[in-house]
Amino acid sequence: MAKQLENGSEKKMAEGGNDAELFKEKANKYFKEKDYENAIKYYTEAVDLNPSNAIYYSNRSLAYLRTECYGYALADATKALEIDKNYIKGYYRRATSNMALGKFKAALKDYETVVRVRPNDKDAKMKYQECNKIVKQKAFERAIASDEIKKSVVDSLDIESMTIEDDYVGPKLEDGKVTLKFMKEMMDWFKDQKKLHRKCAYQILVQVKDVLSKLPSLVEISLKETEKITVCGDTHGQYYDLLNIFNLNGLPSETNPYLFNGDFVDRGSFSLEVILTLFGFKLLFPNNFHLLRGNHETDNMNQMYGFEGEVKAKYTAQMFQLFSEVFQWLPLAQCMNNKVLVMHGGLFSEDGVTLEDLRKIERNRQPPDSGPMCDLLWSDPQPQNGRSISKRGVSCQFGPDVTERFLEQNKLDFIIRSHEVKAEGYEVTHSGKCITVFSAPNYCDQMGNKGAYIHLRGSDLKPEFHQFTAVPHPNVKPMAYANTLMQMGMM
């Protein structure tokens with residue numbers, strides 16, 4: 001009898017294993033089609049049926065990496081290595097997850113392991129060397145930062161003495177000022193993939209830094225009954241889609257105000273064009289064109305996801321340093337008519353945060369790993385009550401009860417945030433109290449999502465959603481300037 005039970009159990013396990021393989025194959029198919037959500041779903045089915053197979057966790061880890069769920073990717077890679085410490089792909093996955101989170105020392109340790117086991121693997125060697133270079137660079141930066149108060153790049157610039165060569169026929173600021181004529185010429189110039197003269201780029205950056213540094217961390221505006229504002233989400237270097245927003249919704253003006261909710265750069269390979277256009281409009285309409293900081297307006301993200309590489313390729317390392325300074329002055333949140341709060345990420349890891357707390361945030365820095373500033377840039381909503389560990393590995397996920405308590409305490413109606421790709425370009429959750437808007441359609445040329453923007457009118461602040469699809473752009477791939485470590489090798 002015992003023997004029969006044992007055989008029956010083994011048979012059931014074997015069947016479970018076969019089913020798990022079928023789910024894995026199904027997941028692999030979805031992965032190849034870049035349908036990562038379904039890939040994750042079926043890898044999870046495989047894991048549930050056979051939780052002792054390292055490959056299933058590793059494959060799901062890669063799918064999580066592709067959907068920017070770095071926290072989950074890290075957990076799966078770690079689990080794969082707990083099951084099989086000799087599973088090399090697990091070290092690759094874990095290193096990539098840690099790199100994406102800016103945990104360079106932890107990543108270096110895993111790359112060391114791969115190189116030790118595979119001394120002739122060129123890809124592994126290159127990744128190890130690149131990661132080692134970043135770790136040393138970070139150590140050097142920390143050392144010089146503690147030596148003295150860092151001087152601004154602005155102090156070392158002599159913009160007046162920069163000459164614009166006779167053969168440059170592109171747009172120029174008029175008496176050092178941005179005008180509507182200049183903006184239209186610059187957008188057309190960029191559309192033709194031409195480069196703005198460095199003198200003009202520096203003029204914009206220096207002036208916008210001055211404007212942003214005078215703003216509070218929480219910007220508060222009032223919309224009159226007849227006034228309307230357009231709220232846009234992530235644009236991520238998708239310049240031609242940004243132009244399409246202006247084409248569909250009208251150019252910014254005093255009567256057509258905009259709020260762009262962070263993540264202007266990285267991923268897309270026209271980030272410079274996007275950010276200079278947005279900064280130009282900020283200078284032209286300082287009270288009617290609003291910009292908030294996203295988690296990608298930070299050094300670690302720019303180093304990995306392309307903006308630093310793009311600025312260095314098109315201009316200089318010095319100009320990137322100035323961008324870094326400017327990004328630190330971007331406000332973190334905006335409140336409209338004391339009723340609607342907008343931020344890039346979301347709500348907080350702890351209850352009790354007030355608007356007054358947001359006003360007091362000292363934002364001129366790289367964001368910390370925790371606390372309200374970090375949460376504003378990084379957190380995400382979840383359907384269930386309470387809070388949970390972030391799928392991204394930074395900040396938290398917050399439920400409808402968290403949203404309800406925050407709104408009640410601060411006498412607000414709802415929040416608008418961005419930070420996540422949505423198939424329809426937007427999503428309404430938490431009983432209408434938490435709205436996500438994302439304005440980069442067909443994100444990274446592969447997600448197939450729509451983009452959206454929101455109209456809010458002073459009369460009722462009721463959100464009106466407008467969707468749009470991606471437009472063609474020149475044949476430059478996303479992530480063209482990204483760190484080589486983010487070109488994910490080893491399927």
Side-chain angles (χ1 to χ4, degrees), residues 24-44 58-73 76 92-93 96-97 99-101 193 232-245 262-274 294-296 301-302 304-307 309-310 380 391-392 418-427 436-453 467-491:
K24 185 194 88 170
E25 293 308 319
K26 200 168 185 179
N28 286 349
K29 184 171 168 284
Y30 278 117
F31 187 95
K32 279 175 187 159
E33 291 167 359
K34 297 176 179 172
D35 183 348
Y36 301 120
E37 282 188 24
N38 270 319
I40 289 164
K41 178 184 167 186
Y42 288 107
Y43 286 138
T44 302
S58 177
N59 285 9
R60 189 171 68 178
S61 176
L62 186 60
Y64 277 137
L65 281 166
R66 294 291 164 90
T67 56
E68 301 180 24
C69 297
Y70 305 126
Y72 289 175
D76 270 358
Y92 257 108
R93 300 281 183 269
T96 308
S97 306
M99 288 300 299
L101 291 165
Q193 287 185 272
C232 298
D234 304 34
T235 44
H236 274 300
Q238 296 187 198
Y239 179 67
Y240 295 84
D241 294 308
L242 173 67
L243 291 185
N244 190 36
I245 292 172
D263 279 15
F264 319 119
V265 301
D266 282 340
R267 299 274 185 189
S269 297
F270 303 97
S271 292
L272 249 170
E273 291 78 4
V274 167
N295 63 302
H296 276 267
M301 293 291 109
N302 295 161
M304 298 310 299
Y305 293 98
F307 185 58
E310 183 178 343
D380 294 293
K391 60 189 177 187
R392 299 176 190 271
S418 300
H419 195 39
E420 286 182 290
V421 186
K422 296 297 173 187
E424 295 301 310
Y426 71 93
E427 186 177 64
T436 299
V437 61
F438 191 84
S439 304
N442 194 25
Y443 179 48
C444 282
D445 289 356
Q446 66 180 36
M447 298 303 282
N449 59 293
K450 291 175 184 168
Y453 51 84
Q467 296 168 297
F468 58 98
T469 53
V471 294
H473 64 73
N475 188 25
V476 180
K477 289 179 180 175
M479 302 281 279
Y481 302 97
N483 189 293
T484 48
L485 290 168
M486 297 318 294
Q487 313 301 325
M488 293 166 204
M490 287 198 72
M491 270 289 292

Undergrad: Could you check if a side-chain atom of Lys477 sits within less than 4.5 angstrom of a side-chain atom of Asp445, using non-hydrogen atoms only?
TA: no

Undergrad: Are the side chains of Glu273 and Leu242 in touch, meaning some heavy atoms are under 4.5 Å apart?
TA: no

Undergrad: Any donor-acceptor pair under 3.5 Å linking the side chain of Asn449 with the backbone of Asn442?
TA: yes

Undergrad: Compare every heavy atom of Val471 with every heavy atom of Asp241, then report the nearest pair and how far apart it is.
TA: OD1-N, 3.0 Å

Undergrad: For Ser58, does its backbone N or O pair with a side-chain atom of Arg93 as donor and acceptor, under 3.5 Å?
TA: yes

Undergrad: With side-chain contact (heavy atoms from CB on, under 4.5 Å) as the criterion, how do Gln193 and Val476 come out once you've worked through the C-alpha distance, each side chain's angles and the decisive distance to 0.1 Å?
TA: CA-CA 10 Å; Gln193 287 185 272; Val476 180; 3.8 Å; yes

Undergrad: Using the six-membered ring wherever Trp is involved, compare the ring planes of Tyr42 and Tyr30 and label them parallel, tilted or perpendicular (cut-offs 30° and 60°).
TA: parallel

Undergrad: Where do Arg392 and Tyr70 come nearest, in terms of heavy atoms and distance?
TA: O-CB, 3.5 Å

Undergrad: Output, in order, the C-alpha distance, side-chain angles, deciding distance and verdict of side-chain contact (heavy atoms from CB on, under 4.5 Å) for Asp263 and Ser418.
TA: CA-CA 9 Å; Asp263 279 15; Ser418 300; over 6 Å; no

Undergrad: If you take all heavy atoms of Gly306 and Tyr481, which pair is closest and at what distance?
TA: O-CB, 3.3 Å

Undergrad: Does a side-chain N-to-carboxylate-O contact under 4.0 Å join Lys29 and Glu33?
TA: yes

Undergrad: Just verifying a value: how many Å separate Thr44 OG1 and Lys41 NZ, rounded to the nearest 0.5 Å?
TA: 10.0 Å

Undergrad: Rounded to the nearest 0.5 Å, how far apart are CE of Met304 and CG of Leu101?
TA: 10.5 Å

Undergrad: Using 0.5 Å steps for rounding, measure from the SG atom of Cys444 to the NZ atom of Lys34.
TA: 10.0 Å

Undergrad: Decide if the gap between the ring center of Tyr64 and the ring center of Tyr72 is smaller than 6.0 angstrom.
TA: yes

Undergrad: Tell me whether Asp234 contacts the main-chain N or O of Glu420 through its side chain, where contact means a donor paired with an acceptor under 3.5 Å.
TA: no

Undergrad: Apply the test side-chain contact (heavy atoms from CB on, under 4.5 Å) to residues Ser61 and Tyr43: give CA-CA distance (whole Å), side-chain angles for both, the deciding distance (0.1 Å), then the verdict.
TA: CA-CA 9 Å; Ser61 176; Tyr43 286 138; over 6 Å; no

Undergrad: For Glu424 and Lys450, work out which heavy atoms get closest and say how close.
TA: OE1-NZ, 3.4 Å

Undergrad: Determine whether Leu65 and Ser97 make a side-chain contact, defined as any pair of heavy atoms from C-beta on separated by less than 4.5 Å.
TA: yes

Undergrad: OG1/Thr67 to CG/Leu62 distance, rounded to the nearest 0.5 angstrom?
TA: 9.5 Å

Undergrad: Taking it one step at a time, do Val274 and Gln238 satisfy side-chain contact (heavy atoms from CB on, under 4.5 Å)?
TA: CA-CA 7 Å; Val274 167; Gln238 296 187 198; 5.8 Å; no

Undergrad: Does any N or O in the side chain of Glu310 come within less than 3.5 Å of the main-chain N or O of Ser271, such that one atom is a donor and the other an acceptor?
TA: yes

Undergrad: For Thr436 and Tyr426, indicate whether the former's side chain and the latter's backbone hold a donor-acceptor pair under 3.5 Å.
TA: no

Undergrad: Verify, without hydrogens or angle tests, whether Gln467 (side chain) and Gly425 (backbone) share a donor-acceptor contact under 3.5 angstrom.
TA: no

Undergrad: Determine the interplanar angle of the Phe438 and Tyr443 rings, folded into 0 to 90°, and report it as parallel if under 30°, tilted if 30 to 60°, perpendicular if over 60°.
TA: perpendicular

Undergrad: Give a yes or no on this: more than 12 heavy atoms of other residues, nucleotides or ligands lie within 6.0 Å of atom NZ of Lys422.
TA: yes

Undergrad: Provide the closest heavy-atom pair for Ser269 versus Ala480 in the form atom of the first, atom of the second, distance.
TA: OG-N, 3.1 Å

Undergrad: On a heavy-atom basis, which atom in Ile245 and which in Cys232 lie closest, and how many Å separate them?
TA: CG2-SG, 4.1 Å

Undergrad: Under 3.5 Å, side chain of His236 to main-chain N/O of Phe264, donor-acceptor pair present?
TA: no

Undergrad: Do the non-hydrogen side-chain atoms of Met301 and Phe307 ever get within less than 4.5 Å of each other?
TA: no

Undergrad: Taking Ala27's backbone N and O only, do any of them form a donor-acceptor pair with Asn38's side chain (distance below 3.5 Å, no angle check)?
TA: no

